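Here the structure is laid out as structure tokens; the discussion comes afterwards.
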Amino acid sequence: MIDLEDHKAHRYKLSFGVITVSSTRTPDNDETGKLIRDIITREGFTVTYYTIVKDNISQIRYAFFTGIKNADVLIFNGGTGISLYDLTPEALVPYLKIIVGFGEAFRNLSYADVGSSAMLSRAFAGVYGKNIIFALPGSPKACELALRKLIIPEVHHIYYEITKERSNQI
């Protein structure tokens, strides 16, 4: 039996893409996108793709398909709430193998900060081929929480799991 800590010992040189989903953000006022890029860089990763797209399913999907060609891990921020304009899950979920525990863990951690409002978040994570996708709220505080408590601690392990060879496949 393999120890979970052995799996977590793997390290990869992963590249990240950051996609801000907003109809109001620009490169000059994208506080959350900048925060995400700063944290990723401080943790020793590289950001190889960054863009801002409108709250529009076609634009979100275009950023997704462009991003997976340019980065191993994509972090979307914005569009995960319940308003009429929050469309990130609708745009991306059909393409992903969902990591259900991510959304559950994120909302659980968020509850300590925002109380019952945490249940309004539709944050999620998933896998597309050998790419890892995270979709987070547009709030800087929420993104910092997700990065520090969930994404950074597990991203190498997730990548290991989705890229390891399976010699025992049927």
Side-chain angles (χ1 to χ4, degrees), residues 12-43 45-107 109-110 113-114 117-152 154-155 158-159 162:
Y12 302 92
K13 186 175 181 176
L14 298 173
S15 60
F16 280 70
V18 177
I19 299 101
T20 296
V21 180
S22 172
S23 294
T24 60
R25 298 282 182 259
T26 68
D28 292 332
N29 69 9
D30 183 15
E31 179 185 343
T32 304
K34 181 181 181 336
L35 174 76
I36 294 169
R37 293 190 318 268
D38 288 348
I39 291 171
I40 290 167
T41 302
R42 278 196 307 269
E43 291 293 331
F45 299 103
T46 58
V47 177
T48 55
Y49 180 70
Y50 167 69
T51 193
I52 299 172
V53 297
K54 301 282 185 211
D55 296 288
N56 173 284
I57 288 176
S58 296
Q59 287 190 32
I60 296 166
R61 286 181 177 167
Y62 182 81
F64 168 70
F65 285 110
T66 303
I68 60 173
K69 295 175 191 170
N70 293 290
D72 302 305
V73 181
L74 297 181
I75 299 179
F76 286 80
N77 72 92
T80 60
I82 61 169
S83 84
L84 179 64
Y85 301 106
D86 291 326
L87 300 171
T88 302
E90 287 75 13
L92 301 179
V93 168
Y95 299 99
L96 303 177
K97 178 186 276 189
I98 297 297
I99 304 170
V100 178
F102 175 83
E104 295 168 351
F106 175 75
R107 283 180 284 280
L109 289 169
S110 296
D113 288 337
V114 299
S117 294
M119 73 177 162
L120 303 180
S121 172
R122 298 188 302 151
F124 64 92
V127 173
Y128 181 85
K130 292 182 178 181
N131 293 91
I132 307 165
I133 315 304
F134 296 97
L136 309 174
S139 155
K141 191 172 182 180
C143 288
E144 183 169 6
L145 173 74
L147 281 159
R148 296 203 185 282
K149 298 287 187 174
L150 299 170
I151 296 171
I152 300 300
E154 286 298 320
V155 72
I158 296 168
Y159 194 75
I162 65 174

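Treat the numbers as computed from the prediction; the structure is a model and nothing was measured.
- Although no hydrogens or angles enter the test, the distance criterion places no donor-acceptor pair under 3.5 Å between the side chain of Asp113 and the main chain of Ser110.
- Pairs engaging residues 12-23 under the salt bridge (Lys or Arg N to Asp or Glu O under 4.0 Å) rule: none recorded [sequence neighbours left out].
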| field | Stepwise side-chain contact (heavy atoms from CB on, under 4.5 Å) check, Leu96 with Val127 | value | CA-CA 5 Å; Leu96 303 177; Val127 173; over 6 Å; no
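- The distance from the CD1 atom of Ile132 to the CG atom of Leu14 is 6.5 Å, given to the nearest 0.5 Å.
- Among residues two or more places apart in sequence or in another chain, the side-chain contact (heavy atoms from CB on, under 4.5 Å) test is passed with Thr66 by Tyr49, Tyr62, Asn70.
- Under the ring pair (Phe, Tyr, Trp, His ring centres under 6.0 Å) criterion, Tyr159 pairs with Tyr12, sequence neighbours left out.
- The line from CG of Leu109 to CG of Leu145 is 5.0 Å long, rounded to the nearest 0.5 Å.
- Between Ile152 and Phe45, some side-chain heavy-atom pair lies under the 4.5 Å cut-off.
- No donor-acceptor pair under 3.5 Å is formed between the side chain of Arg61 and the backbone N or O of Leu92.
- Each salt bridge (Lys or Arg N to Asp or Glu O under 4.0 Å) pair with one or both residues in residues 79-96, not counting sequence neighbours, appears once here: Glu90-Arg122.
- Note that CG of Leu120 and CZ of Arg107 are 10.5 Å apart. Values are rounded to the nearest 0.5 Å.
- Side-chain N or O atoms of Gln59 include none that pairs as donor or acceptor with a backbone N or O of Val53 at under 3.5 Å.
- The shortest heavy-atom contact between Gly129 and Ile162 is O-CD1, 4.1 Å.
- When all heavy atoms of Tyr95 and Tyr128 are compared, the pair lying nearest together is O-CD1, 3.1 Å.
- Listed by chain and number, the residues in a side-chain contact (heavy atoms from CB on, under 4.5 Å) with Ser117 are Val114 (sequence neighbours excluded).
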Review item, side-chain donor-acceptor pairs of residues 136-144, under 3.5 Å, at least two apart:
| residue | atom | partner | partner atom | Å |
| --- | --- | --- | --- | --- |
| Ser139 | OG | Lys141 | N | 3.3 |
| Ser139 | OG | Ala142 | N | 3.2 |
| Glu144 | OE2 | Arg148 | NE | 3.0 |

| Does the pair Ile68 and Ile133 meet the rule for a side-chain contact (heavy atoms from CB on, under 4.5 Å), with working shown? | CA-CA 9 Å; Ile68 60 173; Ile133 315 304; 4.2 Å; yes
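- Pairs passing the salt bridge (Lys or Arg N to Asp or Glu O under 4.0 Å) check and including a residue from residues 17-37, sequence neighbours excluded, read Lys34-Asp38.
- Checked by atom type and distance alone, the side chain of Asn77 never pairs as donor or acceptor with a backbone atom of Val21 at under 3.5 Å.
- For the side-chain contact (heavy atoms from CB on, under 4.5 Å) test, residues two or more places apart in sequence or in another chain that qualify with Tyr85 are Asp55, Ser83.
- One distance of note links CD1 of Ile52 with OG1 of Thr26; it measures 6.0 Å at 0.5 Å rounding.
- Every residue two or more places apart in sequence or in another chain was checked for a ring pair (Phe, Tyr, Trp, His ring centres under 6.0 Å) with Phe124, and none qualifies.
- In this structure, the side chains of Ile40 and Val18 come closer than 4.5 Å at one or more pairs of heavy atoms.
- For Phe134, the ring pair (Phe, Tyr, Trp, His ring centres under 6.0 Å) criterion is met by Phe102, not counting sequence neighbours.
- The shortest non-hydrogen separation linking Thr80 to Ala123 is CB-N, 4.0 Å.
- Taking CD1 of Ile19 as the start and CD1 of Ile60 as the end, the distance is 10.0 Å to the nearest 0.5 Å.
- For the residue pair Ala71 and Asn131, the shortest heavy atom distance occurs at O-ND2, 2.7 Å.
- Scanning both residues, Thr20 and Gly33, for their nearest heavy atoms gives OG1-CA, 3.8 Å.
- The side-chain contact (heavy atoms from CB on, under 4.5 Å) check on Thr46 picks up Ser15, Thr48, with sequence neighbours excluded.
- Sorted by first then second residue, the salt bridge (Lys or Arg N to Asp or Glu O under 4.0 Å) pairs that include residues 65-76, not counting sequence neighbours, number zero.
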